[in-house]
Amino acid sequence: MCGIVGYTGKQEAAPIILDSLSKLEYRGYDSAGLAVRNGTELAEVVKATGKLRNLAEKTDNGRSVPGDCGIGHTRWATHGEPNQTNAHPHVSGNAKGSASGPVESDVVGVHNGIIENYEELKQKLVNHGYEFYSGTDTEVVIKLVDYYYKKYKIGPVDAVNRMMVRVRGSYALALMFKDYPGEIYAARKDSPMIIGVSDGESFLASDAPAILKYTRTVYYIGNMECARIIPGEVTFYDLNGDEISLETTQITWDAEAAEKGGFEHFMIKEIHEQPKAVRDTLASLIGEGGIDLGSAGLTADFLDSLSSIQIVACGSAWHVGMEAQYVIEDLAQVPVRVELASEFRYRKLLLTKDTLVIVISQSGETADSLAALRIAKELGIPTLAVVNVVGSTIAREADHVLYTLAGPEIAVATTKAYSAQLAAMFCFAVQLAQVKGKISREEGQAMARELLQLPDKMERTLEDKGRIQWFAAKYANARDMFFIGRGVDYAVSLEGSLKMKEISYIHSEAYAAGELKHGTISLVEDKTLVIGLLTQTQLMEKTISNMTECRARGAYLCGITSYGNYSVEDAADFTIYVPKTDSHFVGSLAVIPLQLLAYYTSVARGLDVDKPRNLAKSVTVE
Ligand code: AGP
């Protein structure tokens with residue numbers, strides 16, 4: 001996610017802004033910038049790509065931009081490549097936004113979030129004579145504020161409120177207006193923001209770590225509220241422009257705990273960020289008219305021309321492909337082959353020009369996946385990348401890109417990026433099925449509506465974490481675990497097993513339930529834990545009988561199924577339920593108990609959950 005900060009008070013603003021931004025580096029970013037204002041002089045903008053130290057060097061650690069009021073930003077690219085032009089702050093004027101220097105514009109600002117209807121708003125502003133220098137949604141929202149500020153001539157709060165009524169999406173915005181020196185205006189919807197105060201000074205940030213050094217007295221500004229921030233004092237307003245009063249909170253966390261938002265580890269924080277990651281990813285692919293993959297250049301004609309799909313990935317991304325294979329083939333009836341990238345790159349490839357090679361990768365830098373992409377391109381096969389990191393190598397080299405909007409994922413064990421990839425692939429499957437005429441437009445729209453309900457159902461699934469933590473403690477010393485399922489449940493089993501292995505170091509295997517009796521069941525003995533995925537109604541009874549065969553050999557059985565399938569409790573010793581949803585998409589829910597089980601098992605074993613031994617977040621070597 002991007003990080004925003006702000007300061008107005010009696011000290012030099014730039015050094016405080018740089019220090020505050022350094023406390024947000026953990027969030028991941030690709031560029032940074034600041035705007036500082038000295039009294040009534042014009043604000044000075046300085047931007048730099050790469051690490052924050054580049055911005056510090058450009059500003060001589062803040063000394064070259066004097067002033068007591070300023071805003072700053074670390075950018076995690078979602079719209080527009082990671083470069084200086086797209087770096088924040090952005091301005092309401094033209095052209096100069098790409099460079100550093102004095103700001104002639106009336107409004108300058110920084111933003112964390114995603115403006116879903118930015119293209120529609122951009123066109124509106126172009127029609128009113130605005131020009132754009134960047135590819136960002138942020139420049140649009142700042143020019144929209146400027147538009148209302150000039151049109152109604154009432155003031156910043158009015159202009160910000162009018163923007164909030166018009167914009168769809170998420171934002172934490174910090175703005176400075178040329179006519180209001182020493183003041184910062186803030187607005188928030190869904191993206192995090194806190195505002196701190198101390199004697200004669202005020203601070204703004206995306207997250208507590210940025211300001212804990214300066215104050216622990218903060219306001220949590222609410223959704224669709226805006227604030228006027230002056231030294232040591234903050235005034236809040238509702239959408240009508242009426243003043244509202246907010247209570248201050250004293251932050252008791254230490255800085256490190258605050259980076260994890262109060263969670264003990266990044267992994268558990270990211271598990272809880274999954275609903276938002278999926279919500280944001282779906283919002284970028286599902287509009288008023290249903291699923292639209294146009295942003296990736298996947299037109300209906302192109303999709304209709306495809307006769308087969310080849311998915312290539314590694315690790316959890318490969319598990320996404322395994323699950324997508326079942327869904328795409330069932331819905332679109334287009335043959336799908338899923339291949340480990342490390343195998344794909346060395347085998348005799350029998351691909352035809354009407355195949356689409358889909359490379360799934362969180363980092364967009366995995367060596368085997370990148371090699372596979374390059375081989376497909378050498379063969380002249382069209383390629384699609386499903387990637388979380390904007391501007392990553394795989395994203396840049398693929399013919400088409402579907403970005404997941406999970407934000408930076410810090411824990412080595414992927415969770416929210418995996419879930420966002422699944423959501424993107426479900427959208428692809430439904431759209432392909434509709435284009436191929438295998439489902440009607442109405443059925444496609446019904447499925448899109450079902451997908452949009454997944455984030456709330458994921459929230460509900462997370463509420464069961466207490467039971468799962470208790471269960472994990474029981475099995476923290478298990479020697480072997482088996483995750484079994486059929487169809488989509490088998491693909492989910494693969495991810496559950498990998499999560500358990502990579503962070504708890506317990507040997508586990510994922511198996512197609514029907515395959516157990518062909519040898520592996522000989523490993524099952526007293527106290528072996530067998531976890532059966534039982535969400536596929538047509539197949540669950542068969543998996544239950546496989547589980548019962550394991551119990552006959554001493555296994556302890558855990559079943560994961562949808563609410564309503566209460567017969568599972570007759571067979572399993574411990575049952576976990578997830579909310580009902582379309583059987584094609586239920587994997588997004590069933591995986592959450594498995595992530596939690598692995599996490600709590602690792603914690604119970606006292607292991608380094610976020611940085612497991614021998615593993616890297618991105619395997620950029622063979
Ligand atoms: C998953 O928890 C692991 N960290 C690993 O399997 C990962 O999914 C794999 O290395 C692929 O990484 P990528 O998505 O960045 O290409």
Side-chain angles (χ1 to χ4, degrees), residues 28 76 265-271 273-274 277 281 311-324 338-345 357-374 376 383-398 401-425 483 491-506 508 510 591-592 594-599 601-602 607-622:
W76 169 268
H265 300 100
F266 280 112
M267 184 176 175
I268 191 68
K269 176 176 180 245
E270 289 158 4
I271 287 174
E273 286 175 342
Q274 290 186 113
T281 301
I311 298 174
V312 186
C314 302
S316 293
W318 178 69
H319 300 156
V320 169
M322 290 294 283
E323 192 159 335
V338 188
E339 187 85 69
L340 289 167
S342 54
E343 289 296 306
F344 178 88
R345 64 185 294 193
V357 170
I358 303 178
V359 179
I360 304 174
S361 175
Q362 186 286 130
S363 63
E365 302 297 345
T366 298
D368 286 324
S369 304
L370 177 56
L373 172 72
R374 287 172 173 166
T383 56
L384 164 67
V386 178
V387 178
N388 193 46
V389 179
V390 173
S392 56
T393 308
I394 289 174
R396 278 184 286 108
E397 295 191 13
V401 184
L402 271 184
Y403 280 120
T404 52
L405 300 178
E409 192 174 60
I410 312 297
V412 166
T414 183
T415 50
K416 63 175 184 173
Y418 165 92
S419 289
Q421 288 164 2
L422 264 185
M425 291 307 292
F483 296 76
V492 177
S493 301
L494 290 165
E495 179 60 10
S497 175
L498 177 61
K499 287 280 110 24
M500 185 61 75
K501 279 184 284 196
E502 65 177 326
I503 63 174
S504 76
Y505 313 153
I506 294 175
S508 82
V591 74
I592 292 175
L594 302 180
Q595 294 167 341
L596 290 168
L597 182 61
Y599 170 76
T601 301
S602 179
L607 300 173
D608 186 349
V609 176
D610 287 334
K611 298 187 183 69
R613 68 187 182 196
N614 311 331
L615 295 180
K617 182 60 184 169
S618 177
V619 183
T620 54
V621 294
E622 265 204 68

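Just follow the structure's listing: the first ligand is 1, and inside any ligand the first atom is 1.
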With rounding to the nearest 0.5 angstrom, report the [atom1] to [atom2] distance, [X] to [Y].
X: Gln362; Y: Ile360; atom1: CD; atom2: CD1; answer: 12.5 Å
X: Lys611; Y: His265; atom1: NZ; atom2: NE2; answer: 9.5 Å
X: Glu270; Y: Gln595; atom1: CD; atom2: CD; answer: 10.5 Å

**Report entry** Check against salt bridge (charged side-chain N to carboxylate O under 4.0 Å, His left out), Glu409 and Lys416
**Finding:** CA-CA 7 Å; Glu409 192 174 60; Lys416 63 175 184 173; over 6 Å; no

Query - Side chains of Ser369 and Val312 in contact at under 4.5 Å (non-hydrogen atoms) - result: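 No, every pair of side-chain atoms sits at 4.5 Å or beyond.
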
Query raised in the report: With distance as the sole criterion, is a donor-acceptor pair present between the side chains of Thr404 and Thr281 under 3.5 Å?
Result: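 Distance-only check fails for Thr404 and Thr281.
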
Query - Close-range residues for ligand 1, whose non-hydrogen atoms fall below the 4.0 Å threshold - result: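 Cys314, Gly315, Ser316, Ala317, Ser361, Gln362, Ser363, Thr366, Val412, Ala413, Thr414, Leu498, Lys499, Glu502.
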
